[in-house]
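Accompanying notes for the structure given below.
On a predicted model such as this, the values are computed, not experimentally measured, just so you know. Throughout, residue positions are numbered sequentially from 1 according to the sequence presented.
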Amino acid sequence: MESPSVTVVIPAYNEGQRLPRFVERLTQVGLKQPAPPVEFLVVDDGSAPEHAAAQRACVEAAGTRFTEAGSPHRFTYVAAPRNGGKGSAIRLGWSQATPESEWLAFLDADGAINAEELFRLVRMTTSPETGDVDVLAGSRILMAGRRVVRSLARHLQGRIFATLTDLTFDLRFYDTQCGVKLVRASALRPLLGVLSEQRWLLDVELLALLKRQGARCIEVPIDWEDFGGSKVIPGLDAARMFWGLLQLRRRLDRLPLPPGPSH
């Protein structure tokens, strides 16, 4: 079997209803787009038994379909020992990625970022225009040719968080929290022993560490649609956001880093 070029980790916590539909769509699109080869790792983050059973079943069925079709893509189910949060599940998946993968990624399980957009980003990893890029980060920027369906409350909360993040880390990112990011493995693997955020701040931790290493990052406007049922707490206020960012900043300021990516 051909080694995957991209490993995509999908963290799943009690997604027994939404994940099967999303996995089915990823399978359909993947069968039409065989290259670059993708390894999907669905990491069950300590889901309730009924959700875990549904998640495992859809992943195993998708893996069988890829195998029977002779597709280079693959689906694998990984069970975390307990619920540790989105960040913890993503880090677990990355630690189990096929060593030959050239890019490590994560993708939210809710389907807000559709399968077509995911595979568009995957194709960008082999484009000459992104040959010197280390990070391809999806971004919910409403612009010509893109479709972003999002409640006003979530949009405003996102802008507050983006402002606080820029004040704290100077990342110059419009949207640090969009649920799809692809990182060149040579830049990310040295950080796997350093990343420690368990939940929603993993995105910021990852981008901040990569920036300190001199990684080259670009934001890619994508289509995005909020289907509801988000694990994000709507009432998360600015003070709590800012406190979390300050704690992260203090920890990273004391952290020695491995050498940055080389090209």
What residues form a side-chain hydrogen bond (donor to acceptor under 3.5 Å, both in side chains) with [X], not counting sequence neighbours?
{"X": "Glu219", "answer": "Ser139"}
{"X": "Arg199", "answer": "none"}
{"X": "Gln247", "answer": "Arg250"}

Is there a side-chain contact between [X] and [Y] in this structure, where contact means two heavy atoms from C-beta onward sitting under 4.5 Å apart?
{"X": "Val6", "Y": "Leu121", "result": "no"}
{"X": "Ile10", "Y": "Leu19", "result": "yes"}
{"X": "Asp175", "Y": "Ile141", "result": "no"}
{"X": "Phe119", "Y": "Val38", "result": "yes"}
{"X": "Leu209", "Y": "Leu255", "result": "yes"}
{"X": "Arg212", "Y": "Leu252", "result": "yes"}
{"X": "Phe40", "Y": "Val59", "result": "no"}
{"X": "Phe22", "Y": "Val42", "result": "no"}

I'd like to know if the side chain of [X] reaches the main chain of [Y], judged simply by a donor and an acceptor atom lying under 3.5 Å from each other, with no hydrogens or angles considered.
{"X": "Gln55", "Y": "Glu15", "answer": "yes"}
{"X": "Gln198", "Y": "Ser196", "answer": "yes"}
{"X": "Asp134", "Y": "Cys217", "answer": "no"}
{"X": "Arg25", "Y": "Ala115", "answer": "no"}

Closest heavy-atom pair and its distance - [X], [Y]:
{"X": "Gly244", "Y": "Leu201", "value": "O-CD1, 3.5 Å"}
{"X": "Ala69", "Y": "Leu31", "value": "CB-CD2, 3.7 Å"}
{"X": "Gln177", "Y": "Val204", "value": "OE1-CG2, 3.4 Å"}
{"X": "Ser5", "Y": "Pro36", "value": "CB-CB, 3.9 Å"}
{"X": "Gly46", "Y": "Tyr13", "value": "O-CE1, 3.5 Å"}
{"X": "Asp166", "Y": "Leu171", "value": "OD1-N, 3.3 Å"}

Legend entry - Between Glu102 and Thr125, a side-chain donor and acceptor under 3.5 Å: no
May I ask you to decide whether [X] forms a salt bridge with [Y], counting only side-chain N to carboxylate O separations under 4.0 Å?
{"X": "Arg56", "Y": "Asp44", "value": "no"}
{"X": "Arg120", "Y": "Glu117", "value": "yes"}
{"X": "Arg251", "Y": "Asp253", "value": "no"}

Inset, instruction - Scan residues 87-99 for pairs that pass side-chain hydrogen bond (donor to acceptor under 3.5 Å, both in side chains), counting only residues two or more places apart or in two chains. - result: Glu39-Thr98
Roughly how far, to the nearest 0.5 Å, is the [atom2] atom of [Y] from the [atom1] atom of [X]?
{"X": "Asp226", "Y": "Asp110", "atom1": "CG", "atom2": "CG", "value": "7.5 Å"}
{"X": "Leu202", "Y": "Thr176", "atom1": "CG", "atom2": "OG1", "value": "11.0 Å"}
{"X": "Ile113", "Y": "Ile222", "atom1": "CD1", "atom2": "CD1", "value": "4.0 Å"}
{"X": "Arg140", "Y": "Asp223", "atom1": "CZ", "atom2": "CG", "value": "13.0 Å"}
{"X": "Asn14", "Y": "Glu50", "atom1": "CG", "atom2": "CD", "value": "7.0 Å"}

Legend entry - ring-ring contact (aromatic ring centres under 6.0 Å, His included) partners of Phe66, counting only residues at least two apart: His73, Phe75
Inset, instruction - Dump the intermediate steps for side chain to side chain contact (heavy atoms under 4.5 Å, CB included) on Arg189 and Leu104, then the final yes or no. - result: CA-CA 9 Å; Arg189 283 201 170 98; Leu104 303 179; 4.0 Å; yes
Inset, instruction - Name all pairs fulfilling the salt bridge (Lys or Arg N to Asp or Glu O under 4.0 Å) condition that reach into residues 79-89, sequence neighbours left out, sorted by first residue then second. - result: Lys86-Asp108
Legend entry - Ser71/Thr27 under side chain to side chain contact (heavy atoms under 4.5 Å, CB included): CA gap, chis, key distance, verdict: CA-CA 10 Å; Ser71 171; Thr27 306; over 6 Å; no
Inset, instruction - Could you check Lys32 against Glu116 for salt bridge (charged side-chain N to carboxylate O under 4.0 Å, His left out), going step by step and ending with a plain yes or no? - result: CA-CA 11 Å; Lys32 298 175 183 177; Glu116 290 82 359; over 6 Å; no
Inset, instruction - Carefully, step by step, assess Leu245 and Leu167 under the rule side chain to side chain contact (heavy atoms under 4.5 Å, CB included). - result: CA-CA 10 Å; Leu245 291 169; Leu167 288 172; over 6 Å; no
